[in-house]
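Presented below is the structure to which this report refers.
As the structure lists them, so they are numbered: ligands from 1, and atoms in each ligand from 1.
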Amino acid sequence: MIVLGETNQISQTGKKNGEIKLSGRAVSRGISIGKVVCLHGRKRQFYRTELKKSQIEQELRRFRVSVRLAKLQLKKIGGLKSENSDAAKVNIFDAHRLILEDNSLLTKIETFIQENKVNAEWAVKMITDAYIAKYKTIADDYLRERYVDLEDVAERLLTALGGDGRQNIRLEKDSIIVAREIKPSTLIELTECQPKAIITERGGWTSHSFILAREINLPAVTGVKGVLRHVKTGDEVIVDGFNGQVIFNPSKETTEKFKLVAEEIQQLNFENSENFEAEDEKLQTLDGREIILRANIDLPTVLAKANNFRTKGIGLYRSEFLFNQNKGFPSEQQQIEAYRNIAELAGEEGVKIRTFDSSFEQFADESAEREQNPALGLRGIRLGLSNKEQFRIQLRALLQASAANNIDIILPMVSEVSEILLTREILENEKSRLKKRKVKYGNPRIGAMIEIPATVFIIEELAREADFLSLGTNDLVQYLLAVDRDNESVAEWFRTLHPAVIRAVKKVIQAAENNNTPLIVCGEMAGSPVYAAILIGLGATELSMNLNSIARIRKTVSGIAFEEAREISKQLENCKTTNEVENLVNSFFLKKWSHLFSPESLPLRKNQK
Ligand code: PEP
Ligand code: MG
């Protein structure tokens, strides 16, 4: 067992017999052997696809539609800006429109598609990259800086190309995605083609993309610095998602070695799941404290498996994965159906559906300006309350879906009680409208995500007002420590066992207990054996995690005594530094629970004092 993403690995390069070995951070377990597919693009991600001759005409039409769409958007933004009399910006967007009216650029892209038989995205990249490179060599300062406009236009075209959702997403069976970073929406799109692993430069253990990767058992290594400089599409690669290693152009000998390991692991997983099926459903610590496990579900493909694992329903369903920029906002009817399906699969124990926790950028159309700091921006419940029409649609859908199903609602990014009160008001209002229309509805309970540090200080009030609390440790750590969970360069500072995190978690659990308010821990901490043992010691009784963690956590819970977990957690509350916490954890776990934890599974760090 390894504390994923928190191992002490630094990017390294090693070359031997033509093999290139790079180290990074293991963020999703497993070993895969396959061929590299390089992913490009920032806002919209894509890769090179070869087309058949018969597909070229359609690709050209797709490209022309995207140009029209991009021009329309620019016209719209230009119009909006001129109303605000922001002349400089109007000029920028006019300049962008002129670039799109440059026939030589458009013809070059079309010719590239025809001659190379490739997708439009690839052609846009190749041609605009060449133009940008030329611009950068111009002596005149002003003209040289115009490459930025071309970059913007290229990005706009690429996004517009995704607009019709008709990109041919085809990946060979053994594809391993290599990217600077991977967006959750890209990963969801790509899962249709079942890639075998992911390697990225950027991202953290709690990045949504890697939460998804773990959910679908897709091995992943992140923090591999400069990886795109070392490889090209088609190169052979081995991904070791246990030790955070990737090996490009492996020798036959190395490949055979990893094939054997992969087979052994598969066999072990199979045996574990067999044992697991035979286990009793009620889960207790050695001294009889009952711990309830629920499932975190994000992807419909994973849903079907939920019952096999016999969790007590679904503790967190992240509804924002129902839509992305290309698919748009789901209609009320689509949402009702989606929520009913999930609730039916969750069964009697029910599902806790979180309202959209999307950022403004995911939600807004192309004409909106980007936020400088989306993590602190208009997202979660704030987006709902400032965009009431869409929020009402979602709440209405949830009310109707809960008429015959056990559904609760979780509000993301709550910062104070008033947001719960306002939501209750909207819900009551929607209930009376539905009643008038004689439409059936249920009475979902309202829970608040506890993930903003301010809520820890007003936790008693929140525990009194909410029907239940969901402790989101991913964001709580991010905001408490001011460390971006998606930014690999600060991954060393994302320290889950920081004394402030321990004390905040304790305070929240204590308030829930004082007020008799149910509390579910649903961040990634809950699915990690080491952290789960600490959480139980701090008093947590309900943990929600991805399905692939259930077997491990069952084993942990049934192998520890609550009193012992409490003893260590009490000591942790008084530690002064993270190193002190980690050292205590290491020594205590190895002394008391060596049957469950090996030294490699614990958060040992180099140079630890
Ligand atoms: C969390 O923040 O811990 C959480 C469960 O939600 P998300 O990972 O979607 O932000
Ligand atoms: Mg969160």
Non-hydrogen atoms of [X] versus ligand 1: any pair closer than 4.0 Å?
X: E524; answer: no
X: R354; answer: yes
X: M525; answer: no

For this session: Check E451 and report its N/O/S atom nearest to the Mg ion (ligand 2), by atom name.
Result: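 The Mg ion (ligand 2) is closest to the E451 atom OE1, counting only N, O or S.
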For this session: Tell me which N, O or S atom of D475 sits nearest to the Mg ion (ligand 2).
Result: OD2
For this session: Could you pull out, from R485, E451, M413, the option with a heavy atom nearest to atom 10 (O) of ligand 1?
Result: R485
Assess the side chains of [X] and [Y]: does a donor N or O sit below 3.5 Å from an acceptor N or O?
X: E460; Y: N515; result: yes
X: E419; Y: S415; result: yes
X: E416; Y: S418; result: yes
X: N579; Y: R495; result: yes

Problem set entry | Contact check: T473 vs ligand 1, nitrogen or oxygen atoms, below 3.5 angstrom |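 Yes, at least one N or O pair falls under 3.5 Å.
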Exercise. Taking atom CG of L572 and atom CZ of R503, what is their separation to the nearest 0.5 Å?
Worked result: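 Output value for this atom pair is 10.5 Å.
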Problem set entry | Identity and separation of the nearest protein heavy atom to atom 7 (P) of ligand 1 |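 Sorting protein heavy atoms by distance from atom 7 (P) of ligand 1 puts H208 NE2, 3.3 Å first.
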Ligand-residue contact atoms, ligand 1 with [X], heavy atoms, under 4.0 Å:
X: C522; value: 5 (C)
X: G472; value: 1 (C), 2 (O), 3 (O)
X: G523; value: 3 (O), 5 (C)
X: D475; value: 1 (C), 2 (O), 3 (O), 10 (O)

Exercise. What do the steps show when you test Q478 against D475 for side chain to side chain donor-acceptor pair (under 3.5 Å), and what is the final call?
Worked result: CA-CA 5 Å; Q478 158 166 267; D475 276 320; 2.9 Å; yes
Problem set entry | Geometric class of the W593/F589 ring pair [parallel <30°, tilted 30-60°, perpendicular >60°] | perpendicular
For this session: Heavy atoms only: give me the nearest A504-L476 pair and the separation to one decimal.
Result: CB-CD2, 4.3 Å
